[in-house]
Each structure stands twice: as structure tokens, then as C-alpha cells.
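Residue numbers begin at 1 in each chain, while the letters A, B, ... track the order of the sequences. Computed from a predicted structure; not experimentally measured.
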2 protein chains.
Amino acid sequence: MGLRQLHHFVTLVEQGSFARAASALHLSQPALTRSIQALEADLGPLIDRSYGKVRPTAAGMLALERARRMLREQRELRRDLQLLEEVEIGTIRAGFGPFAASFLLDPVLEALVRRYPHLRIDLETADTPAMRRSLEAERLDVFVGESRSLAELGHLQIDRLPALETAFFVRSGHPLARQREVTLAELRAYPVAGTRLPAHILRFFRQALHEASGGSGPVAEDAPGLMTITCNDMHALRSLLLAVDAVALVPVAMMADACARGMAVALPMHPPTELRAQYGIVSLAGRSPSPAMRAFTALVHEAVAQASGDAGP
Amino acid sequence: MGLRQLHHFVTLVEQGSFARAASALHLSQPALTRSIQALEADLGPLIDRSYGKVRPTAAGMLALERARRMLREQRELRRDLQLLEEVEIGTIRAGFGPFAASFLLDPVLEALVRRYPHLRIDLETADTPAMRRSLEAERLDVFVGESRSLAELGHLQIDRLPALETAFFVRSGHPLARQREVTLAELRAYPVAGTRLPAHILRFFRQALHEASGGSGPVAEDAPGLMTITCNDMHALRSLLLAVDAVALVPVAMMADACARGMAVALPMHPPTELRAQYGIVSLAGRSPSPAMRAFTALVHEAVAQASGDAGP
DNA sequence: AGGTGTTACGACAACCGTAAGTATC
DNA sequence: GATACTTACGGTTGTCGTAACACCT
């Protein structure tokens, strides 16, 4: 019993004659005869041939029912795979780190919904370690997050994004906004807000402050950090810095509009702080991406390009 | 895509490795690899191979669902066909002519129910022309009836039964019961009951009566027949002849018990009337019988043998 | 004769098992 | 080196089309 034979059988019954069925199947009559014979050799007599009239036997009626169901499943499987390929069905479970979420979540979500209205979408924001756990536990298909700390992990595949420019921002009326140059130490006169930072950035700030205050040698690990406020909701930080005389370390892309409207400015740090977050699209290695995931990845790249285009020149 | 390949695929996912699946399928490992490759060439990537771990992709999950349904339909088709063969499922729509019903319906129905408790049974009694129409309209699968009039019809298949002995019966106290011989003409002193008879029997009686009354030459077609009462319920006729001084033409087999208990006797006709009804199991030619129909046919033969054994010696 | 279905034959593709190869641990 | 899977090769089976055959109307 094979799907091909069953298809032949169903068509034969539906067409009512070997000749018509064979032509409907784009098959020669003898081939159809033999196909049916083979099926009957397997399942027993299925049709009564009485010269010109083709009628299913009792067994044939049973077979007809089941065969139709099998063939329908086959058609629907092909259809489902097609729809999956076109992202007409499917699910994407994606995470965004705080930085990425701040300027990627909105456009990516909008683009996803706009281009793939039937896709089931499950997004969340969390920090990199949490998302990494979710990914490994397969609660997540992919996440966009700080990826430097994951670079050596072989079981993760990282699609690196252009380095994410960050800077210290204040609102336009802020005292520091008037200075031609600002040092790290000067920031400490104000509340300094940002997300929880990766270890290497934390170390960089501690070291810089240590040196600025005339110290030398190793820095104490428990020395107070630069940040006085951490919050992983970047939009809250944005609102904060626009409302009060705080300083916030946020992605440039996120502040592009506020700067354009003269509401905020990036502080001209001295020495220049090269604060580039290494972000990437992280997924489990060795797993072929679903069409939905490929679509998601593409949209993230698009959104990044868009954002850096806005914020760049 | 073939059922074999789908089975391989499902087993592979269930077993979690090519090696285990191949052995579970009684297949060599390379054969399984190639089978899966062929399926994937058809449907796209279905599984992620990551050395030792076999996991379905998103497409694979869809395929798995559909494939399982198809394979279940396949198993159930085989099972249904087996059950049909064993008459554990199926339907029989059978008719009985009045004579046949009188002594076959009860035992055949009982035997059917006893041996094939799951068979759907649809029995009816009617006269031969009506049953023939039902058969041709496929409201009936088979009937047991007077078959001489159908012998030449090519589109009907007739499984002839032993000739059905009939005789004129009266109750023991009947005046005619005391005679050593009874002529047809003598019957006319009493109500004569029977079923509606086939044309050739009617002609035989008319001819005999005509000759007995001294006539010669052709008999008028509208001459009064022998029967004064016709009823196609043979049990009613039986009750009638046991209750009043009537004469009834009924099958011998039907009266065997009453005769044995001294309640009725067959009249010793002179000249002997060779009243043999030619009964048969009639079905449409060119249609292979369902298992249920074969079972029915066998049981009818059994019941006939049983009845003629009872009534015979 | 015309149409319908089956068998006969040669060619091609599918499938299998054995054996050799490749990659991962 | 051991294990898990893939590729290579030769043989069997399944499937096709063309052609010849058998049968019914």
C-alpha cells in the first residue's frame, strides 16, 4: 500500500473507469491497471470490474474512506509546509536585551506584524543571562542581546550586529550640557542612570574613575560604580533624563529623535569613552532556523540598519 | 513522500537516533539515512542532526503530526479490512420470499446473530418481483426466493437451493385427513390457502382442475384458480390450517414439527402433485460478495440442509 | 468496429544491504 | 579509538510507457 496507489484507487472510483482515471492521473491505462492490481494484491479485492463499470466492493468502500483521509492529510501537510515557508503559520519566540529592546523592539514588532500578520509572536525583554537560560531550555527560539560574553560558547550561534553606539545623555537645560568637555568624574555630581552593565564595562568605568581620582594600581572590586540608578527599562531612563538633571547612558539610536528636536544632547566626554555594546542575534547552534526565525533575523538586521542610519550622519 | 518514508521518519523521531530507528525498522542504517534524505528532498529539512541527537525542525513537527495521522489511517484500514473479512463489521441486507421466510428466516437470523454478533443485519420479507427490484436498485444485497422465473436473467447470479418440497396440509381432525387418497378437485370443498404462486404453478393447477372436470383443450386464462385464500405470511397460514378445516399449500419443512406431534398431516394427493418450488439465493452478478454475504449464503445453505434433514426421512 | 481492460516486454528509477568513508566525541 | 551518520556500489524490486492481446457491445 502506497500513497500513490491509494491516489490511483480513489481517482479510479471517482472517475468510474480505468481509461478516464488514467488520463486524469496522466498515466497510461496499463500502468493504472497494474497499480490497482498491486493494491488489491495487498489489501484484497477492492473494486468490481464489470466491463466499463467500476464499483468499489464493501472492502473498497472502507478503503476509499481511509484513503481519502490519508490523501487529504498528505495535501494538507504540503500546504502546511508551504505556509510555514511563507511564514503564514508558525511561531517565533524571541527575546530582546534592554539596549536592543529600547530601539529595536518597537520597529521589529511592527514590521513582523505588518509583513507576517498570521505569525504567532511571543516577545519578551530580559537580561542576557536570563535569555541564555531560556534559549538553552528552549523556551526561546532566539534573542537579541549583548553577545560578547557568549562568543566562546560553541553551542550558541551568534549573528553579530553592528556595534551599538552608546553615549551619556542629558536634557538640553542640564548644567553639563553647556560644557565643551565632560570628564567621567564630573558625572558623579549627578544621578547617573543606565542598565545593569556587562562585567567588562563595569571594570572599565571603575578603572577610569580610579585613575581620575589620582589612584594607581589595582582597583578594589567593591569600589562604588559609576551608576547610581540601574533600570532595564530604557524608555524609563529616557523619560528620566528628559525630566530631571540626571545623566543616562543609553544607545545613541534611541535618542536620535530627542536630540534632533533639541530636547537632549550627548555629552562630549573627555577622554572619549568608546562605549560600544557588542550585540548579536543569538540562537542555538546546530538547529536549522525556521522560516519565521529567518524572517525575524532579517527584520532585526533591517531595523538595525534603519536605526544606525537615523542616528549616524 | 511515501507511507514507507513517513513511517521511517516517525520512527526516527520517536527513537531519537538513526541507529535505533533502523534496527526498530529492521532496516540497515544507510537505508534509513537515504530514506530520510529522500523525504527531505521532497518536503524540505525535517530534522536537525547534531551528532547523536535527532530533533525535528519546525517543519518536522508539522510533518510528524500529519505523518502520524496518515500512518494511523493506514493501520486502521488494514484492521478494518481484517474485521470485515471476519464479519466483525459490515452489513447484510437480505430478503426472504414467503416460503423461504417461513422456515429459513428464524434459523438464519438466529445463526447470524449467534455467530456474527457485530454484523449489522437488515432483513425483510417480500415477494420475488419486489425483491428483484430492490436488488437491482441496490437496496438489497441478496435475497432468497423463487428463482425459476429469474433463471435467464444474466445480470443476476442465482445460487440454487435444493428444491423446496411443498404439500397440502390439513389439521388431524380434518375430513380429508381420513382419506387414503385425495384429488385436487376434492380440495375445492374447503377453503384452499397458500401464497401468491408463480405463474407456472398457477397454470399447472388450472390445467389439472380443467382436466379433472372432464374438460380438454386450452384452459381459459381467467378460469378460477385453486386458491381461495392467499396470504404471504406463512405462519398465518399455518395457524389457519391448524385452527379450521382449511387446506393449505405450505412447505413440508415448515410443518415437520406439527406433523410429528400429530397436529397436522400432509394430504396424499392423487395423482401425486410434484410441487417443488425452485428456490435460490439471488444476488447481482459481477459483484464480488462481501464476507458478510458469503457468511449469509453459507448459513442459508446450512439452514436448508437442517430443515430438509428434519423433514426428510 | 470501437471501446475497455489486461498481459508482455524493455527501460528507468527507487530501494536495499554491504562496504568504505567522514565527522564527532 | 569508538560511535554515529553518510556516501559508493551492485543487485533486487517497483513503476512506467509502448505494444500486443482478450473481451464486451
Query raised in the report: Shortest non-hydrogen contact from Leu84(B) to Pro291(B)?
Result: O-CB, 3.2 Å
Report task. Specify the separation, in whole Å, of atom CG of Asp42(B) and atom P of dA14(C). Result -> 11 Å
Query raised in the report: Starting at NZ of Lys53(A) and ending at P of dT25(D), how long is that distance when rounded to a whole Å?
Result: 9 Å
Requested in this report: Quantify the bending of the helix from dA1(C)-dT25(D) to dC25(C)-dG1(D) as the angle between its end axes, each fitted on five pairs, to 10°.
Outcome: 20°
**Report entry** Contacting residues from residues 2-26 of chain A, given that a heavy atom lies under 4.0 angstrom of DNA chain C
**Finding:** Ser17(A), Phe18(A), Ala19(A)
Can you name the side-chain contact (heavy atoms from CB on, under 4.5 Å) partners of [X], sequence neighbours left out?
{"X": "Ser23(A)", "result": "none"}
{"X": "Asp141(A)", "result": "Ile92(A), Arg93(A), Met293(A)"}
{"X": "Arg120(A)", "result": "Thr91(A)"}
{"X": "Arg196(A)", "result": "Asp127(A)"}

Query - Positions of residues 55-64 of chain A (non-hydrogen atom under 4.0 Å from DNA chain D), listed by number - result: none
Query - Heavy-atom protein contacts under 4.0 Å, nucleotides 19-25 of chain C, coded B base, S sugar-phosphate only, - none - result: B----BS
Please confirm whether the shortest side-chain N or O distance from [X] to OP1 or OP2 of [N] is below 4.0 Å.
{"X": "Arg34(B)", "N": "dC5(D)", "answer": "no"}
{"X": "Gln37(B)", "N": "dT7(D)", "answer": "yes"}
{"X": "Thr33(A)", "N": "dT6(C)", "answer": "yes"}

Query raised in the report: Which is true for Leu32(B) with a 4.0 Å heavy-atom rule: it touches a base, it touches only sugar-phosphate, or it touches nothing?
Result: nothing
**Report entry** Identified side chain to side chain contact (heavy atoms under 4.5 Å, CB included) counterpart of Glu73(B) within the set Arg72(A), Arg66(A), Glu65(A)
**Finding:** Arg66(A)
Report task. Compare all side-chain heavy atoms of Arg49(B) with those of Ile36(B) and state whether any distance is below 4.5 angstrom. Result -> yes
Report summary line: Hits for salt bridge (charged side-chain N to carboxylate O under 4.0 Å, His left out) against Glu302(B), two or more places apart or cross-chain, chain-then-number order -> Arg115(B)
**Report entry** Contact list for residues 122-150 of chain B, test ring pair (Phe, Tyr, Trp, His ring centres under 6.0 Å), sequence neighbours left out
**Finding:** none
**Report entry** ring pair (Phe, Tyr, Trp, His ring centres under 6.0 Å) contacts touching residues 59-97 of chain A (sequence neighbours left out)
**Finding:** Phe96(A)-Phe296(A)
Query raised in the report: Would a distance-only check, ignoring hydrogens and angles, find a side-chain to backbone donor-acceptor pair under 3.5 Å from Thr57(A) to Asp48(A)?
Result: no
Report task. Please answer whether the main-chain N or O of Gly97(B) pairs with a side-chain N or O of Thr125(B) as donor and acceptor at a distance below 3.5 Å. Result -> no
Compile the donor-acceptor pairs under 3.5 Å between side chains in residues 2-13 of chain A and protein atoms, sequence neighbours left out, one pair per line.
unit_1   : atom_1 : unit_2   : atom_2 : d
Gln5(A)  : OE1    : Gly2(A)  : N      : 3.2
His8(A)  : ND1    : Ser35(A) : OG     : 2.7
Thr11(A) : OG1    : His7(A)  : O      : 2.9

Query raised in the report: Nearest of dC5(D), dC16(C), dG5(C) to any side-chain atom of Val54(A)?
Result: dG5(C)
